[in-house]
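See structure below.
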Amino acid sequence: MIDDDLKDQPSRVDGKAKVTGKATYVAEHRFPNLAHGYLVQSTIARGKIAKIDSAEAEKQAGVIRVISHENATKLSIPDRPIPKPFYALTSPEIWFNGQPIAVVVAETFEQARFAATLVKVTYDELKHETDLRKVISKGFASGREQADRGNPTQAFADAEVKIEGEYSIPIEHHNAMEPHATVANWAGNKLHVYDKTQGVTGTVNYLAGAFGIPTSDIRVMSPFSGGAFGAALRPGPQLLVAVMAARETKRPVKVVYSRRQLATAHGYRPESIQNIKIGADKDGKLKAIIHEAVHNTSAHDNFSEGIVGVSRSLYACPNVKTVAKIARLDLQTPLWMRAPGMVSGVFALESALDELSYKLKIDPVDLRLINYAETDPDNGKPFSSKELRECYKQGAERFGWSKRNPEPRSMRDGHLLVGWGMATGTWPAGQSPASARVTIKSDGTALVESGTTDIGPGTYTTMTIIAARSLGLPIEKVKFVLGDSDLPPSPGQGGSTTTSSVGSAVQEACGLAIKEIVDGLGKEPNSLFNGVDSADIVAENGSIAVKGKPNTAVTFSEALKRIRQDNVSVLHRSAPNSGERGKYTIASHGAQFVEVKVDEEIGVVRVTRVVQGTAAGKIVNPKGAHSQEMGGVVWGIGMALTEKTEVDNRFGRIMNPNLAGYHVPVNADVAQVDTIFVDEDDKIVNPLGAKGLGELGLVGIPAAIANAIFHATGKRIRELPITPDKLIA
Amino acid sequence: MRSFSFKRASDPADAVKSIAADANAKFIAGGTNLVDLMKEGVEQPTSLVDISRLGLSVIRGLPGGGVSIGALVRNAETANHPLIRQNYPLLTQAILAGASPQIRSMATNGGNLMQRTRCAYFYDLGTPCNKREPGSGCPAKDGLSRYSAIFGWSDSCVAVHPSDMCVALAALDAVVKARGVNGRERSIRFADFHRLPEETPHTDNTLAHGELITAIELPRSPFGSRSNYLKLRDRASYAFALVSVAAAIEAGQNGAIVQARIALGGVAHKPWRALEAERFLAGKRTEPEVFKQAAEIALKDAKPLKDNSFKVNMARRAIVRALNNSIKRGAAAK
């Protein structure tokens with residue numbers, strides 16, 4: 001549902017191309033004489049390949065070659081002890097069930113897929129372990145150790161009111177619509193690749209390292225992405241395999257993961273077990289937080305996400321202990337998945353705070369206000385801006401929170417129990433160096449280019465809006481191009497930093513392009529532009545003028561004519577103002593209010609209403625932001641109620657690798673979602689004043705839903721997802 | 001490439017003849033399950049015979065008040081047909097509780113009866129499964145069994161039948177009409193159509209190879225709107241049942257139950273009729289306490305597995321709810 005105040009805002013500039021099939025996704029790209037690679041995956045979880053017999057497969061019509069570690073040419077990667085990243089087809093070692101172990105290259109996809117079923121693999125199998133509970137005792141420090149603040153153990157022991165609980169979250173998969181895919185072509189020494197990736201520059205560097213070739217010989221493109229959510233932050237095995245196969249067969253090769261295969265194509269949100277203890281005084285003041293977490297990594301690599309860190313800075317609490325451990329399982333290495341670590345930690349912390357509110361008989365919002373962190377309690381720094389209090393206030397008003405009866409099981413709608421719950425969310429507002437090129441053309445249009453990616457949040461649109469606003473052009477006159485490593489380098493899309501990083505580069509580059517024109521005009525005799533500072537130039541309606549002197553207005557076309565240039569093009573690299581930023585803690589914040597209706601007898605929960613309050617600086621792209629925050633709610637409904645990757649520990653194998661068995665929410669699971677954006681005037685974060693919000697919208701939702709379910713039923717479910725069986729038990 | 005021949009049958013006799021000689025030949029109509037299974041490599045037919053143009057696409061009333069539903073009528077059309085909506089709202093509800101609008105518009109009624117279990121091990125060629133590969137074992141029994149059976153399973157197989165439509169057909173005492181190689185048509189009671197796994201779980205039903213479902217017949221229903229299909233699942237739509245219940249009640253002038261029907265989905269290798277509970281309900285009053293007792297009887301022989309003991313309680317409550325809903329719906333319709 002689009003609110004009235006959004007209806008005049010710009011829509012996605014790439015929307016029409018996407019819904020009419022004109023946006024070309026990775027697997028749709030072709031090179032002449034294209035061959036197709038289909039992956040063979042392991043069926044054991046740990047051991048070594050004894051033999052790969054591909055004779056039968058190679059006899060089949062259309063099969064060009066079967067490539068495995070036995071015959072693949074060696075990569076230029078150093079042999080390292082554990083921890084080390086996984087490189088497909090480089091060794092007989094099996095690290096996880098579903099590991100790519102060979103690729104069949106054939107003339108058609110169907111030929112390759114069939115021949116792949118004929119590749120016979122024998123293994124020397126070793127005992128495997130995929131059950132986190134069995135390896136908790138072998139957990140080791142994740143590299144995120146931080147010293148205790150105060151004396152948490154003593155403070156907890158002395159606290160007047162105490163709560164403690166164990167929280168568990170299963171493995172979850174991103175399940176993007178678009179599968180991981182690569183199309184690779186070697187033209188002599190030059191490598192041209194279409195790849196599903198969240199960062200084209202990172203992919204170039206990875207390939208340069210693996211194949212020992214200069215980055216200047218590699219071009220990686222990824223102009224459109226059918227969702228990624230973190231799943232394409234690490235180069236996928238299909239990338240290495242496709243490039244390898246193209247080199248070996250001297251043909252362009254396309255490798256596309258099938259839906260079933262995707263479960264091990266990339267990582268996932270790791271399974272985690274958390275224990276949290278909170279001590280408070282009778283007035284609700286937090287005295288101690290002890291938050292411990294362990295999550296799995298793989299047998300060969302170390303992956304860790306910051307689950308417990310949020311407990312150090314979300315609330316003012318003098319005594320805090322956090323412990324973060326990882327433990328090895330024989331599974332694919334986990335990977336960043338929307339709001340990684342944060343959403344898991346917040347589920348435990350915000351569930352625990354909710355539990356505390358009942359024990360203290362203090363309203364959940366009031367309890368958070370009592371412990372509001374005016375400055376970052378972990379380092380004493382001020383926040384660059386933090387309108388969280390206003391998020392609570394406006395969110396509660398819109399939701400009607402004041403009508404809540406605090407007693408669990410007290411609110412009803414017919415035979416349904418009604419529950420109202422809330423939670424807080426936060427996400428750090430990072431910024432990285434990024435570059436952009438802005439070209440103002442004689443026809444009065446502008447081309448803006450940056451080698452970033454758009455995995456769906458609306459980066460095409462957001463950058464177009466920033467450039468149009470900076471240049472004073474209607475957005476129809478601005479074209480923004482991304483997803484190509486030949487463009488000015490920018491960071492990959494991750495961590496909700498693209499608007500901040502690339503947006504700053506675009507805005508600054510636009511300013512510099514105008515300045516170049518102004519400087520040119522200033523050289524004309526008696527020019528009123530002579531020596532005028534950029535800040536005193538007004539760019540609007542396709543013209544620039546000296547502020548306060550409207551008669552100086554000149555269109556870009558005319559200005560370019562007058563300075564005798566076809567165009568003005570500026571390449572600019574922007575960097576965060578680290579010195580100034582370093583004095584502050586910079587983060588987005590949000591408050592989530594959720595209504596559930598529970599049919600307790602049969603265990604059915606429906607999320608009937610959500611109000612999502614967000615404070616993320618200046619909102620550049622209002623429709624995109626609304627869509628992101630709504631998407632976070634939908635994701636949170638899935639995490640809270642339905643999503644779980646099922647592993648059969650006897651086989652070490654993922655058993656629901658498809659969209660029928662892995663339940664993401666469907667339309668019928670999502671009802672009313674309202675978004676509120678609280679404006680923040682933040683001069684510190686970046687020149688745009690914009691913070692990220694892609695991850696933020698999810699962070700508090702699972703906890704808010706679990707809290708609403710408690711309010712409805714009196715049942716505190718600490719194990720996600722909250723499926724019907726857990727409520728009727 | 002895994003190739004197969006494809007032929008479009010001209011009439012039912014041609015269809016039957018076309019696959020009778022080849023044990024690996026299969027009929028294809030909507031293809032909503034078979035094509036998936038072929039992509040996964042679970043089904044590997046050497047020959048497909050397209051039966052979608054045989055004309056078995058009519059729904060018509062039968063003398064005496066029943067209805068004949070053509071095997072090739074699409075699920076969506078069946079659910080929305082006036083004769084079905086009017087006289088068998090239970091069937092309409094059950095069909096609309098399954099799959100998605102797109103799938104229901106492709107899937108045929110005969111195909112719905114023939115769909116195979118969604119047990120995760122059945123679909124995964126990387127694990128054993130007696131249904132897919134007889135003799136290889138059943139990992140579901142001691143493995144991920146949240147979706148598995150609580151009734152009628154064997155050591156060989158704990159899979160459940162995935163259909164919603166079939167649960168309603170079981171409750172309504174449907175009869176399956178099938179044409180055999182000899183050209184004769186036979187009638188199969190719905191209760192005898194699907195089978196329990198026993199030692200041969202690779203066989204889902206009692207059709208012989210080459211037999212073609214031509215129609216499904218429903219006797220006149222005394223239940224009308226006094227019926228309810230209740231499906232409990234992990235999300236609001238597009239998920240298979242954890243437990244589903246098709247309930248129907250015929251009440252006499254004095255308010256007492258003349259007869260009741262209870263069929264369960266998601267609990268066994270076939271739609272599971274709770275016959276003893278039905279007998280218990282006959283002559284009783286339509287009261288919640290009576291329904292609770294019926295639900296107790298219906299579940300008393302349940303044998304849950306490692307992950308699905310919740311299904312016993314869930315099914316009990318679903319039965320009570322569906323019976324109550326039946327009474328309410330009946331009252332609302334008057």
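We name chains A, B, ... by the order of the sequence lines, and we start the count at 1 in each one. Just so we're clear, the structure is a prediction, and the values are computed from it rather than from any experiment. Heavy atoms only: backbone and side chains are in, while hydrogens, waters and symmetry mates are out.
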Within this structure, what is the [atom1]-[atom2] distance for the pair [X] and [Y], rounded to the nearest 0.5 Å?
X       : Y       : atom1 : atom2 : value
R653(A) : T127(B) : CZ    : OG1   : 6.5 Å
N324(B) : E601(A) : CG    : CD    : 8.5 Å
S3(B)   : Q111(A) : OG    : CD    : 11.0 Å

Using a 6.0 Å cut-off, check whether atom [atom1] of [X] has over 12 heavy atoms from anything other than its own residue.
X       : atom1 : answer
K7(B)   : NZ    : yes
K134(A) : NZ    : no
Y238(B) : OH    : no

Legend entry - pair F310(B)-K726(A): side-chain heavy atoms closer than 4.5 Å: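 Side chain of F310(B) against side chain of K726(A), heavy atoms only: no contact under 4.5 Å found.
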
If I measure from the heavy atoms of chain B, does [X] come under 4.5 Å with its side chain, its backbone, both, or neither?
X       : result
D599(A) : side chain
N656(A) : neither
L659(A) : backbone
V664(A) : both

Inset, instruction - Could you give me the CA-CA distance, side-chain angles and deciding distance for K311(B) and D725(A), then say whether side-chain contact (heavy atoms from CB on, under 4.5 Å) is met? - result: CA-CA 8 Å; K311(B) 280 191 177 182; D725(A) 43 313; over 6 Å; no

Legend entry - Heavy-atom proximity to chain A below 4.5 Å, by part of D142(B):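 For D142(B), backbone and side chain are both near chain A.
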
Inset, instruction - Please state whether the side chain, the backbone, both or neither of Y123(B) comes within less than 4.5 Å of a heavy atom of chain A. - result: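 Both backbone and side chain of Y123(B) come within 4.5 Å of chain A.
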
Inset, instruction - Report, by ascending residue number, the residues of residues 229-236 of chain B in heavy-atom contact with chain A at a distance under 4.5 Å; give 'none' if the set is empty. - result: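 Interface residues of residues 229-236 of chain B: L232(B), R233(B), D234(B), R235(B), A236(B).
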
Taking all non-hydrogen atoms of both residues, which atom of [X] and which atom of [Y] are closest, and how far apart?
X       : Y       : value
A239(B) : H663(A) : CB-NE2, 3.9 Å
E600(A) : R317(B) : O-NH1, 4.1 Å
M314(B) : I602(A) : CE-O, 4.1 Å

Inset, instruction - Show your working on side-chain contact (heavy atoms from CB on, under 4.5 Å) between R146(B) and K644(A) and close with a plain yes or no. - result: CA-CA 13 Å; R146(B) 191 167 168 270; K644(A) 180 186 185 187; over 6 Å; no

Inset, instruction - State whether a side-chain donor-acceptor pair under 3.5 Å links Y121(B) with D648(A). - result: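 Indeed, the side chains of Y121(B) and D648(A) share at least one donor-acceptor pair under 3.5 Å.
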
Inset, instruction - Quick one: which of E40(B), K39(B), R118(B) has the most heavy-atom pairs under 4.5 Å with chain A, could you say? - result: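 If we count pairs closer than 4.5 Å to chain A, E40(B) comes out on top.
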
